[in-house]
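Here the structure is laid out as C-alpha cells; the discussion comes afterwards.
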Amino acid sequence: MSPQDPTREKYNPQAIEAKWQAFWEQDQSFRATETDPREKYYLLVMFPYPSGRIHMGHVRNYTIGDLIARYQRLRGYNVLHPMGWDAFGMPAENAAIQKNTHPRAWTYSNIDTMRRELQSMGLSYDWQREFATCNPDYAHWEQELFLKLYEKGLVYRKLSQVNWDPVDQTVLANEQVIDGKGWRSGAAVERKELSQWFLRITAYADELLEGLRQLEGGWPETVRSMQTHWIGKSQGLEFAFAIEGLEETLPVYTTRPDTLMGVTFCSIAAEHPLAKRVAADNPAAQRFIQACQTAGTSEEAIERLEKRGFDTGLQAIHPLSGARVPIFIANFVLMGYGTGAVMAVPAHDQRDFEFAKRYQLPIRVVIQPDGELLDPLQMGAAYTGPGRLCHSGIFDGLDTESAKQKIMAHFSQQGLGKTTVQYRLRDWGISRQRYWGNPIPIIHCPACGLVPVPVDQLPVPLPEDVTLTGNGNPLVRHPSWKECLCPRCGQAAQRETDTMDTFTESSWYFLRYCCPDFAAPLDPARVNHWMPVDQYVGGIEHAVLHLLYARFFHKALRDCGLVACDEPFTRLLTQGMVRKDTLRCPEHGWRYPEEVSQQGEGLYCTACAAPVTVGRNEKMSKSKHNVVDPNDIIQGYGADTARLFMLFAAPPEQDLEWNDSGVDGAWRFLNRLWRMVQEIAALPFQPPACRMPADPALRMLRCKTHETMDKVSRDVQRYQFNTGISAVMELVNAANEWLAPAARPDAPAELLAVLRELAETAVVLLNPYVPHITEELWRHLGHHQPLCRHRWPQADPEALQREEITLVVQINGKLRARLTVAREATQAAIEAAALAEPALQPHLAGRTIQKMVWVPGRLLNIVLR
RNA sequence: GCGAAAGUGGCGAAACUGGUAGACGCCCUGGACUUAGGAUCCAGUGCCUUCGGGCGUGGGGGUUCAACUCCCCCCUUUCGCACCA
C-alpha cells in the first residue's frame with residue numbers, strides 16, 4: 001500500500017454534499033418539462049404529513065424513490081419526480097391547541113423544517129412543482145372537483161350509523177377503524193347516527209376489482225389480494241320469505257342457494273326494521289336489541305361473543321316447501337351486509353349450527369359429501385364442503401355447483417327471486433367534524449335544500465379566526481362563517497360545516513403535480529403527458545386506504561374527462577419498515593441506548609441499575625425508544641452513507657434492521673471508493689480502455705468491469721439494490737491489487753486504461769445510490785459535465801466473454817473437483833480431463849460409469865452405478 | 001377461521017431458468033503498519049472431523065444424475081381481514 005499522500009484530499013461528505021446540492025439547485029438539474037422530447041417517466045413517492053421532523057421511514061422511502069429516478073434519468077428518460085405535503089389533518093389542530101398557535105402556522109413551519117431535511121438528503125426532486133394540500137389554491141380546485149363529482153351523482157348525503165371517534169371527536173370511514181379502534185387515536189370507536197357526506201365508491205366496485213387484474217405483475221400480490229378482499233365481491237340469490245299473518249315479506253341473501261331445503265329458521269339483525277317493529281310492543285325484545293348494540297366490536301369481543309338470539313314468535317314461510325320456520329333476532333347478523341336477514345341452514349353453516357345447538361332447533365342435512373353419510377345428531381360442526389343434494393325434492397342428486405345454478409334459475413323463472421352480486425365495500429364517508437380540512441362546498445337552504453356553491457364563488461375559505469378547543473367542530477361555533485345567502489333563492493342559509501377526509505387530498509395530488517400552476521383543477525394535456533405514474537413507492541400501510549381511494553377518485557375524474565388512463569399507478573413498490581432493537585428496564589420501561597450502560601456482558605439501566613433486556617427489533621417508534629434521528633446520521637456520516645446503508649442492508653420490500661456497525665460499514669466502503677478513485681485519478685492520464693488488453697490478467701479485470709455494468713443494471717431493474725452494491729464492492733476489491741503496480745513509473749499504458757475505465761464505471765454505477773460523492777469523484781476523474789447528465793453504461797459484449805471458465809466436476813451429484821478450461825473446450829475434451837483429474841481417482845476406482853451429465857459452461861456430473 | 005408473505009452461518013443477507021449453498025457486508029480471531037485521531041492494510045471465519053472426509057437452507061416424505069429452488073404433509077413467524085350469510 002502506498003503511504004498516504006498529504007496533498008490528497010480526505011473524504012469530507014459535509015463539504016461535498018453542500019456543494020453538489022447547491023449545484024443541482026442552481027443548475028435546475030432535475031427540472032421536468034413537458035416540452036422535453038425524451039420519453040417520460042413519472043416516479044412518485046408518497047408525500048409526507050408535515051408532522052415536524054423526517055424519520056427513518058421517510059429516509060428509506062425517498063432514498064428508494066430517488067435511486068429509481070436517478071437511474072431512469074441516466075437511462076435517458078425525462079423523469080418527473082415531484083414532492084409535496086399532505087398538510088391537512090388533526091395533529092395540526094392538536095398541536096395548535098397545545099402550543100397556542102394556528103394550525104396553518106404550525107403546518108407551514110414544519111414544512112420548512114422538513115423541506116430542509118429532505119434537501120440535505122440530496123433527493124432529485126423538481127422542487128418547482130412542490131405544493132401543500134392546505135394551500136388555498138389546492139383546496140379551491142379540490143372543492144371544484146368535489147362539485148363535479150356531485151353533478152355526476154357520485155356524492156350524496158344520508159343519515160347513517162357512523163364510526164365515532166370519541167377522542168378525535170370525528171367520524172371515521174370503515175377503512176379507518178382498526179380492531180374497533182380509531183386508526184389515529186386508538187380510542188374505542190362508538191356507533192352514532194349522523195347525516196354524513198359519502199362518495200359513491202361502490203359504483204366503481206366492479207371496475208376497481210377488474211383493474212387489479214390489470215395490475216398483476218406491477219403491484220405486489222399482497223396489496224392486490226388485500227384490495228380484492230376489501231371489495232369482497234360475492235354472487236348469490238336474493239329472495240323473500242312470506243311472513244305468516246303479515247303483509248310484508250322478509251328478503252334474504254344467500255351464497256348457498258343449494259342448501260335452501262336445509263333452512264330450519266331465519267335470523268335478522270338487531271337493527272332490522274322487523275326487529276324494531278317487534279320491539280315496539282315487546283320490552284324483552286327491546287332489551288335484547290340494546291344488549292346487541294352495546295356489545296363491543298373489537299376482535300376479542302367478537303371471538304368471545306356467543307351466538308345469541310331472541311325468538312320473535314313470527315313464522316317465515318319457505319318459498320318452496322311452504323314449511324313454517326321461526327324468525328329470530330340474532331346478535332351475529334350484520335345490518336350492513338346483504339339485506340340484514342339470513343336464511344339459516346345449521347347443517348351447512350357453522351354459525352347457524354352453533355345457534356341451532358344453543359336453542360335446540362332442528363338440523364336438516366341436505367348436502368351429502370362423497371363416501372360418508374352425515375347424521376344430524378352426530379355432527380360436531382356444520383359441513384360446508386361440496387357434495388350431492390338430498391332431502392331436496394326435485395333437486396336431489398345434483399352436485400352443489402349445478403344445484404346452485406338450477407335453483408337460481410328456478411327462482412328467476414318463477415319470479416321468486418333473482419341472482420345478485422354483493423360487495424363488502426361500503427361507500428366512502430368523507431365528512432369530518434374538524435377545522436383543519438377542506439370545507440365541503442355545499443349550502444343548506446331552508447327553502448331549496450342542498451345547494452352547491454356556484455363554481456364562480458369558490459373557494460369556500462377556512463376562517464382564520466377560530467377558537468380551537470379540541471371539542472367539537474370550531475366551524476359550527478364560529479359566529480359568522482357559516483351564515484350565507486342561498487345562491488339559488490337569495491334567502492338566509494347556512495354553509496355545510498363538515499370538512500373533507502384528508503384522504504381526499506391524497507386522492508389526486510399526483511395529478512396536480514403534473515400542472516401545479518394551472519388556473520383550474522387539472523390541465524388534461526399536461527396530466528395526460530405524464531400519467532399514469534410509472535412507479536409509485538410507499539408504505540404498505542396504505543394498501544387499502546389511500547391506494548383504494550386514489551384508484552377510485554382517479555377513475556371518477558376520468559369519467560369527468562380530466563384524465564385519460566384507467567389506472568393511476570402502473571407499478572407499486574411497497575417498502576418494508578425500518579426496525580431496531582428495543583431495550584427494556586423492568587422499572588422504567590422502554591429505554592434509549594444512552595440510558596443504558598454496559599458492564600461486561602450485561603446491560604444496566606443508568607437510572608436504577610436494574611438489568612435491561614434486549615427485546616426483538618421492532619418498527620422504530622418514539623414510544624418504543626428505538627428511533628434513530630436521520631439528521632444525526634446525515635450530520636455525522638453524510639447523506640451518502642445513510643443512503644448507502646439503507647439500500648445495502650436489505651432489499652426494498654423487506655423490513656430493514658437498523659444497525660450502527662452496518663452504517664460504519666457503508667461509511668468505510670465510501671472511504672475505500674474515495675481513496676481508490678483518488679489514486680487512479682492521480683495516475684498519468686490514459687483514456688479509459690475501449691479494447692481488450694494484451695495481458696490476460698488485465699483482460700480478466702476488464703471483464704470484471706463489464707460484468708459489473710451488466711449485474712448492476714439487472715439488479716436495479718429488478719429492484720435488488722443491495723446486490724447491485726455488492727457487485728460494485730467486488731469490483732473495487734478486485735481493483736485493489738492493481739493500484740501498487742499502476743503507481744510504478746513503468747506501469748503499462750493498458751493497465752492505466754483499464755483502471756481508469758474501472759473507476760469511471762464504479763462511479764457511474766453508484767451515482768443513483770450515492771449521488772454526491774460520485775459527482776465529486778467524477779470531477780476528480782477530469783470530467784466537466786455533471787454526472788447526473790451522463791449516460792448509464794452498457795457492457796461491451798466482447799469484454800464480457802470470459803476466456804477461461806471454471807467448471808465443477810461432481811460424482812453422483814457431489815462436488816469433487818474444479819476444472820479451469822478454455823471457453824471453447826469441447827465436451828469430449830472436458831470429460832477426458834475430468835476422468836484424468838487426480839482428485840477424482842479414489843472415487844472412480846473400481847466403479848463403472850453409468851452416465852455423464854454435461855451442463856455447458858457449468859458442470860459435469862459423473863454418475864456411478 | 002379466511003387470505004397473503006416468509007423461515008438459509010454469531011448477525012444483515014446472496015444464490016437470476018433445478019446445476020459450485022453462504023457472494024457482499026457486519027461481528028469475531030490472528031498478523032502488518034502505526035502516534036492518528038470514528039484508522040488503514042493482509043489473512044482466517046457454516047458445523048463436525050481420526051484431516052480421508054462427513055453433515056448442513058424450519059421438520060418429514062417424494063420427483064431428479066442434481067433440490068434453498070419443483071410436488072405432498074406438518075411446524076413456526078409476520079402482515080391483512082374477520083360472525084360478509
Side-chain angles (χ1 to χ4, degrees), chain A residues 1 3-4 178-179 220-230 232-234 236 252-256 259 267 297 299 302-303 305 307 330-334 336-345 348-352 354-355 422-425 540-541 543-544 576-577 616-617 636-637 645 648-651 653-669 671-672 675 711 714-715 718 720 722-730 733 736-737 806-818 842 850-864:
Chain A
M1 214 40 242
Q4 196 74 33
I178 292 143
D179 288 349
E221 181 55 40
T222 36
V223 177
R224 292 194 310 122
S225 118
M226 277 161 74
Q227 291 206 356
T228 303
H229 284 105
W230 193 263
K233 180 177 183 173
S234 74
V252 298
Y253 168 76
T254 180
T255 54
R256 291 294 304 271
T259 64
S267 311
T297 51
E299 190 180 323
I302 287 168
E303 213 141 77
L305 197 63
K307 305 274 175 288
N331 63 349
F332 62 92
V333 178
L334 305 172
Y337 186 80
T339 61
V342 293
M343 64 175 214
V345 186
H348 306 295
D349 180 282
Q350 186 58 27
R351 293 154 303 184
D352 298 343
E354 286 167 30
F355 193 88
Q422 286 286 338
Y423 298 93
R424 218 182 72 103
L425 184 70
I540 186 83
E541 65 273 18
V544 280
M577 294 182 298
R616 52 168 220 177
N617 58 73
Y637 294 88
F645 169 72
F648 181 60
E653 308 215 54
Q654 258 178 55
D655 282 358
L656 179 148
E657 202 181 299
W658 184 269
N659 179 300
D660 291 335
S661 42
V663 178
D664 282 329
W667 162 257
R668 278 202 288 264
F669 171 69
N671 277 281
R672 263 192 297 147
R675 284 193 300 269
K711 168 90 174 130
R714 264 179 297 128
D715 286 348
R718 64 187 179 122
Q720 286 271 331
N722 52 337
T723 50
I725 297 170
S726 304
V728 182
M729 285 175 168
E730 280 186 62
N733 291 345
N736 236 339
E737 57 182 299
T806 299
L807 46 87
V808 162
V809 183
Q810 296 178 333
I811 290 181
N812 289 345
K814 281 197 197 317
L815 173 70
R816 293 298 179 194
R818 283 168 222 274
Q850 193 176 353
K851 65 170 168 177
M852 292 202 257
V853 181
W854 164 240
V855 184
R858 285 199 177 270
L859 61 72
L860 180 71
N861 188 10
I862 302 170
V863 184
L864 300 178

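Each chain gets a letter, A, B and so on, in the order its sequence line appears, and its residues count up from 1. What you are looking at is a predicted structure, and each value in this text was computed from that prediction instead of being measured.
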Separation of atom [atom1] in [X] from atom [atom2] in [N], rounded to whole Å:
X: A:Tyr337; N: B:A85; atom1: OH; atom2: P; value: 4 Å
X: A:Arg714; N: B:A14; atom1: CZ; atom2: P; value: 16 Å
X: A:Gln227; N: B:A4; atom1: CD; atom2: P; value: 16 Å
X: A:Asn736; N: B:C41; atom1: CG; atom2: P; value: 7 Å
X: A:Trp658; N: B:C27; atom1: CH2; atom2: P; value: 15 Å
X: A:Lys307; N: B:A85; atom1: NZ; atom2: P; value: 14 Å

statement: In B/S/- notation (B base, S sugar-phosphate only, - none; protein heavy atoms under 4.0 Å), nucleotides 5-11 of chain B written 5' to 3' is -------
- request: Could you check if the base of B:G44 is syn or anti? Syn means the glycosidic torsion is within 90 degrees of 0.
  value: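 You should classify B:G44 as anti.
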- prompt: Under the rule syn = chi within 90° of 0, otherwise anti, which is B:G59?
  reply: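 Base orientation relative to the sugar is anti.
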task: Not counting sequence neighbours, which residues clear side-chain contact (heavy atoms from CB on, under 4.5 Å) with A:Ala341? List them please.
output: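 side-chain contact (heavy atoms from CB on, under 4.5 Å) check on A:Ala341 returns A:Leu250, A:Val252, A:Ile268, A:His272, A:Thr339.
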query: What distance, rounded to whole Å, do you find between the two P atoms, one in B:U45 and one in B:G59?
result: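 Approximately 25 Å lies between the P atom of B:U45 and that of B:G59.
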- prompt: When you compare B:G80 with B:C68, how far apart are their P atoms, in angstrom units rounded to a whole number?
  reply: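 Those two atoms are separated by 33 Å.
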- request: Establish, yes or no, whether a centroid distance under 6.0 Å links the rings of A:Trp658 and A:Phe645.
  value: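 Yes, the ring centres sit under 6.0 Å apart.
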field: side-chain hydrogen bond (donor to acceptor under 3.5 Å, both in side chains) partners for A:Arg668, two or more places apart
entry: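 By the side-chain hydrogen bond (donor to acceptor under 3.5 Å, both in side chains) rule, A:Arg668 matches no residue at all.
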task: With sequence neighbours excluded, tell me which residues meet ring-ring contact (aromatic ring centres under 6.0 Å, His included) with A:Phe355.
output: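 Per chain and number, A:Phe355 pairs via ring-ring contact (aromatic ring centres under 6.0 Å, His included) with A:Phe265, A:Phe328, A:Phe332, A:Tyr359.
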field: Stem regions touching RNA chain B, defined by at least 3 consecutive Watson-Crick or wobble G-U pairs below 3.5 angstrom
entry: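 For RNA chain B the paired stretches long enough to count as stems (3 pairs minimum) are B:1-7 with B:75-81, B:10-12 with B:24-26, B:28-32 with B:40-44, B:46-48 with B:53-55, B:58-62 with B:70-74.
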What nitrogen or oxygen pairs link the protein and nucleotides 17-23 of chain B at under 3.5 Å?
| from | atom 1 | to | atom 2 | distance (Å) |
| --- | --- | --- | --- | --- |
| B:U20 | O2 | A:Arg818 | NH1 | 2.1 |
| B:A23 | O2' | A:Glu730 | OE2 | 3.0 |
| B:A23 | N1 | A:Ser726 | OG | 3.3 |

